[in-house]
There are 2 protein chains.
Amino acid sequence: MSVRKSKANGAAGSARVSRASGAAAARHGPANAPSEDEIFARIYEAVLDHRLQPGTKLKEVALADAFGVNRAVVRKVLARLSYNRLVALRPNRAAVVASPTIDESRDLFAARRVVEAAIVECVARAASREGVKALRAHARQEQDAYARGETRRGLKLSLAFHRELARLAGNGVLAEFLDQLIARTPLVVLAHKSTSGDSACSDDEHAGIVEAIARGDAHAAMTAMTAHLTSLEGQLDLTGKTRAAPDLAAMFAVSEV
Amino acid sequence: MSVRKSKANGAAGSARVSRASGAAAARHGPANAPSEDEIFARIYEAVLDHRLQPGTKLKEVALADAFGVNRAVVRKVLARLSYNRLVALRPNRAAVVASPTIDESRDLFAARRVVEAAIVECVARAASREGVKALRAHARQEQDAYARGETRRGLKLSLAFHRELARLAGNGVLAEFLDQLIARTPLVVLAHKSTSGDSACSDDEHAGIVEAIARGDAHAAMTAMTAHLTSLEGQLDLTGKTRAAPDLAAMFAVSEV
DNA sequence: CGTCGCTAACGTGTTAACAATATGGTCCCT
DNA sequence: AGGGACCATATTGTTAACACGTTAGCGACG
């Protein structure tokens, strides 16, 4: 994605922190000012962890304060998040975590079926030994996480499984697009999940997909993937509720994973 | 909350222009400062028209000067263009018009085959009378433009044809993604076209797709679309050359279409 | 003669002050 | 007592100055 990484971490970093109020900066760790990418990831993971629910207002100064960075940085992060449809930014109003509509959710899953069917087809046709091995290991790891009750970790691994699949397909453009779709999925699920049951990718279905790929059975793999996504979509319903949950500083300070 | 609002638009706009140096602003027109979207569109069309070739440096101050806006606006536009992979922005270096690699070009066409096959399938299955009619009219218009020798206009209509198809499919997410792919395609073609022949969508192929849709023959429509894209891809080769073409102010000032 | 190091200009990245707008409370009027 | 307009505050949007890094030209040295 964006090529933004190495900048004035050393001297400028500490100077920046000292300015942005040592109190807020100190709350999330020593004197490290998170980079743009880190902030992006933090907010994204907050959505994954249900700490940020759809409709939550993301005020620039509050975020800047929470992360100990400048408002401009927050602004860029919010722009990126808005590109990915994770937040909606309204002119002259605070940005909010996006609240995907029912239609958008349906379209999202339909798009994933199209893209991921093509991806597993590619992978099933040109599957290397190592690739299949890595996929099996991935599915196993995921299963373990769920078995141990580490839901958050399991969810992340589930997403990573789909990403790994896209990587193996060898089409960078498609992989990049799927990345966007995957990023939006948890938000859609969160916004429209039917019950409190943490709807995640079932590991059995992932395993089934891997086995079809290992057999080189492209048709079976595509069918399994389509069914998998349809089953995921089936866990949703049409109720949409929003909640407010401020105090971003505390929220992000806690999870120093 | 209804009273104090009717003033800001006019005043702010003119104030902005007056600051940004009347000389530069005057070069591309009277006192209108283009919006962010307009600048985005202008640059995008410049790529379409081969006025901006891959590798051309896009300096922030030069662009800001050419359009008569602030550097911050240019910066946001460049970020958006970079998100769409039309420009590459390198840290602490001038942004350049992207030079798609061979692999990227191949992946792009493969992705388009996947997405557009799914799209025409949807359209063929649920095609309304009006939709087919609009498509036919579109193809006709396109053909006329090419017949009249209006290559630029024909190219734009070709792109619009694919966009219209995506719109008719009714999947907003997929349409949005295809939009990105379509936007990148001219750049890829420009970067790797085999000869000087302006490779554009053949209108005959478009017409064939429309007729398959009109018949409700999803399979034929998908085949036609896939073949169409493959034929387009076939017009490319693997030579990559870059040229420099500065003086952005004059370039954008000329085309006050 | 080629190559390395230095210096100055250029261009991007960052920051903080300023301007404009929405929001929420309060007061007045009906 | 209820509703609407006004004022104060909070928050976003814009602007210009500054700091940093890169690039290119030039001179010295091997």
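These values consider heavy atoms only, across backbone and side chains, with no hydrogens, waters or symmetry-generated copies. Quick caveat: nothing in here was measured; it's all calculated off a predicted structure. Every chain is numbered from 1, with letters handed out A, B, ... down the list of sequences.
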* **Nearest-angstrom distance from the residue atom CZ of Arg71(B) to C1' of dT15(C)** => 12 Å
* Structure fact -> Judged by nearest nucleotide, the residue sitting upstream toward the 5' end of DNA chain C, Asn92(A) or Ala72(A), is Ala72(A)
* Asked: Just how far, in rounded Å, is C1' of dG11(C) from CG of Leu63(B)?
  -> 12 Å
* Asked: Does OP1 or OP2 of dT11(D) have a side-chain N or O of Lys57(A) closer than 4.0 Å?
  -> no
* Between Val61(B) and Pro91(A), who's closer to the 5' end of DNA chain C by nearest nucleotide? -> Val61(B)
* Under the side-chain contact (heavy atoms from CB on, under 4.5 Å) test, residues paired with Thr185(B) that sit two or more places apart -> Leu108(B), Phe109(B), Arg112(B), Val189(B)
* To do: Give the nucleotide from the list dT11(D), dT12(C), dA16(D) with an atom nearest to the side chain of Asn70(B).
  => dA16(D)
* **Arg75(A) vs dG13(D): side-chain N/O to OP1/OP2 distance below 4.0 Å** => yes
* **Whole-Å distance separating the CZ atom of Arg90(B) from the C1' atom of dG11(C)** => 11 Å
* Positive for side chain to side chain donor-acceptor pair (under 3.5 Å) with Glu233(A), one of Arg106(A), His192(A), Arg113(A) -> Arg113(A)
* Calculate the interatomic distance between Leu89(B) atom CG and dT22(D) atom C1'; express it in whole Å. => 16 Å
* Tyr83(A) and Tyr83(B) aromatic ring geometry - parallel, tilted or perpendicular at 30°/60° bounds -> parallel
* Asked: Nearest-Å distance, NZ (Lys59(B)) to P (dT22(D))?
  -> 17 Å
* Structure fact -> To the nearest angstrom, the CD-C1' distance between Glu36(B) and dG13(D) comes to 12 Å
* Structure fact -> In short, salt bridge (charged side-chain N to carboxylate O under 4.0 Å, His left out) pairs touching residues 163-172 of chain B with sequence neighbours left out are Arg163(B)-Asp179(B), Glu164(B)-Arg167(B)
* Asked: Taking only N and O in the side chain of Lys76(A), is any of them less than 4.0 Å away from OP1 or OP2 of dT14(C)?
  -> yes
* To do: Verify the contact: side-chain N or O of Arg93(B) to OP1 or OP2 of dG11(C), cut-off strictly under 4.0 Å; return yes or no.
  => no
